[in-house]
Amino acid sequence: MSKVYFQELSFLKALLASLKYSQLFVLVDENSKENCYPLIGEYLSDHQIIEIVSGERHKTLDSCSMIWNALTNATADRQALLLNLGGGVITDMGGFCAGTYKRGIRFINIPTTLLSQVDASVGAKTGIDFNGYKNHIGLFCEAEAVLVNPKFHETLPRNQLVSGYAEMLKHGLIADRKHWQDCLNNGFENFSNELIQHSVKIKEKVVDADPTEKGIRKILNFGHTIGHAIETHLLNTEKALLHGEAIGLGMIAEAFISKSKGLLNSEQYSTITQELQKIYQSSKIEKASYPEIIRLCKQDKKNSNGQISMSLLNGIGEAVYDIQVEEELIEHALNELL
Ligand SMILES: NC(=O)c1ccc[n+]([C@@H]2O[C@H](COP(=O)([O-])OP(=O)(O)OC[C@H]3O[C@@H](n4cnc5c(N)ncnc54)[C@H](O)[C@@H]3O)[C@@H](O)[C@H]2O)c1
Ligand SMILES: [Zn+2]
């Protein structure tokens, strides 16, 4: 697993000095360029900036072509280093482009959203969306290092903090009841490095046990079968949700399925949904969208033999995976979101 550093940003200077590279490239979007690049500029050696347009709708092959073109035009060789400075879109796509350029160059992640700090930038999953399907094309590819610092939160819009908070709550729900409670006590502002660090630790432990998601790593996908389907369904519409906002809804729906399967008792289910519904409410789902959401669930990467398969909760702080879920039950679960 990549080494994750919870250090001052000045640590970057020593980190770069410890890596021998031929050229340094810094991948940004317009927001990370404006808000985050000035915070690290003084710690960088000579480099070239590669800028892409922000947002999930640009996590595409076209943006990858732009990045590969920039590397090619600069005659980057296999000793080049790519520094991904931004949210999960940048770390996912930058990692994918680095992992495939000339069969792989090294990359460092400096995640600048809460979501990318606690989730996207660690764990070696990289990729892009394709033909409207989320993260459809990608690689398992480790960052050389990840540098996490909450200073970047100062310029983050509130909804981005709410989005990242969903993944922290998820880490608590699937593996650590105390973390769930600590996150609820903290709320979604003023995250300490310790809370972020603990969330990353939970993810690391699961990933270390199963790096390529053959088994236990699937529990990290709790809330994501329905959450991704909702996110994809609303993408490019005026009702579009941030990733974590969609996962918040996905967790409510999948907690319902967990209860229906007898995995969660009613009390646990009420506690979870009451807390999640305080933050993640939606009037964005309509009955007319159910067939499309279910169709998208069928594309989920965890499915096998044409059956929809989910990671569910069997307690607060415990999860199970590879549970087959009938379409009718998904419809009932979506009713919880109306
Ligand atoms: N690889 C994984 O394991 C994994 C896990 C979870 C999520 N993801 C992916 O991560 C992506 C979502 O990541 P995200 O929520 O970080 O989205 P994002 O990268 O789109 O960033 C959100 C927005 O915040 C802006 N931004 C970034 N840092 C900022 C800062 N410090 N100040 C002001 N604005 C800033 C960005 O430009 C963007 O507009 C999704 O594509 C999702 O699939 C991947
Ligand atoms: Zn997620």
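In what follows, every heavy atom counts, from backbone to side chain, and hydrogens, waters and symmetry copies are set aside. Remember, it's 1-based here, ligands and their atoms both numbered in the order they're listed.
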Quiz item: Using a distance-only test with no angle check, is there a side-chain donor-acceptor pair under 3.5 angstrom linking His179 and Ser199?
Solution: yes
Which donor-acceptor pairs under 3.5 Å do the side chains of residues 191-198 make with protein atoms, sequence neighbours left out?
residue: Ser192; atom: OG; partner: Glu194; partner atom: N; Å: 3.4
residue: Ser192; atom: OG; partner: Leu195; partner atom: N; Å: 3.1
residue: His198; atom: NE2; partner: Asp176; partner atom: OD2; Å: 2.8

Quiz item: With sequence neighbours excluded, what pairs up with Glu331 under the salt bridge (Lys or Arg N to Asp or Glu O under 4.0 Å) test?
Solution: none
Quiz prompt | Lys13 to Tyr43 six-membered ring, cation-pi geometry met (6.0 Å, 45°) | solution = no
Self-check item: Lys3 charged N/C atom sitting above Tyr5 aromatic ring, 6.0 Å / 45°
Solution: yes
Exercise. Please list, by chain and number, the protein residues whose heavy atoms come under 4.0 Å of ligand 1.
Key: Asp29, Asn31, Asn35, Cys36, Ser54, Glu56, Lys59, Gly87, Gly88, Val89, Asp92, Thr112, Thr113, Leu115, Asp119, Ala120, Lys125, Lys134, Asn135, Phe152, Thr155, Leu156, Gln160, Lys203, His243
Quiz item: In this structure, are over 12 heavy atoms from other groups packed under 6.0 Å from Asn73 atom CG?
Solution: yes
Self-check item: Criterion side chain to side chain donor-acceptor pair (under 3.5 Å) on Glu213 and Asn221, from CA distance to verdict
Solution: CA-CA 10 Å; Glu213 202 169 293; Asn221 292 310; 3.2 Å; yes
Practice problem: For a side-chain contact (heavy atoms from CB on, under 4.5 Å) with His153, tell me which candidate from Leu114, Thr113, Thr112 qualifies. | Solution: Leu114
Practice problem: Work out how many protein N, O or S atoms lie closer to the Zn ion (ligand 2) than 2.8 Å. | Solution: 3
Quiz item: How far apart are the C-alpha atoms of Thr212 and Lys214, what are their side-chain angles, what is the distance that settles it, and do they pass the side chain to side chain donor-acceptor pair (under 3.5 Å) test?
Solution: CA-CA 6 Å; Thr212 54; Lys214 301 283 187 288; 3.1 Å; yes
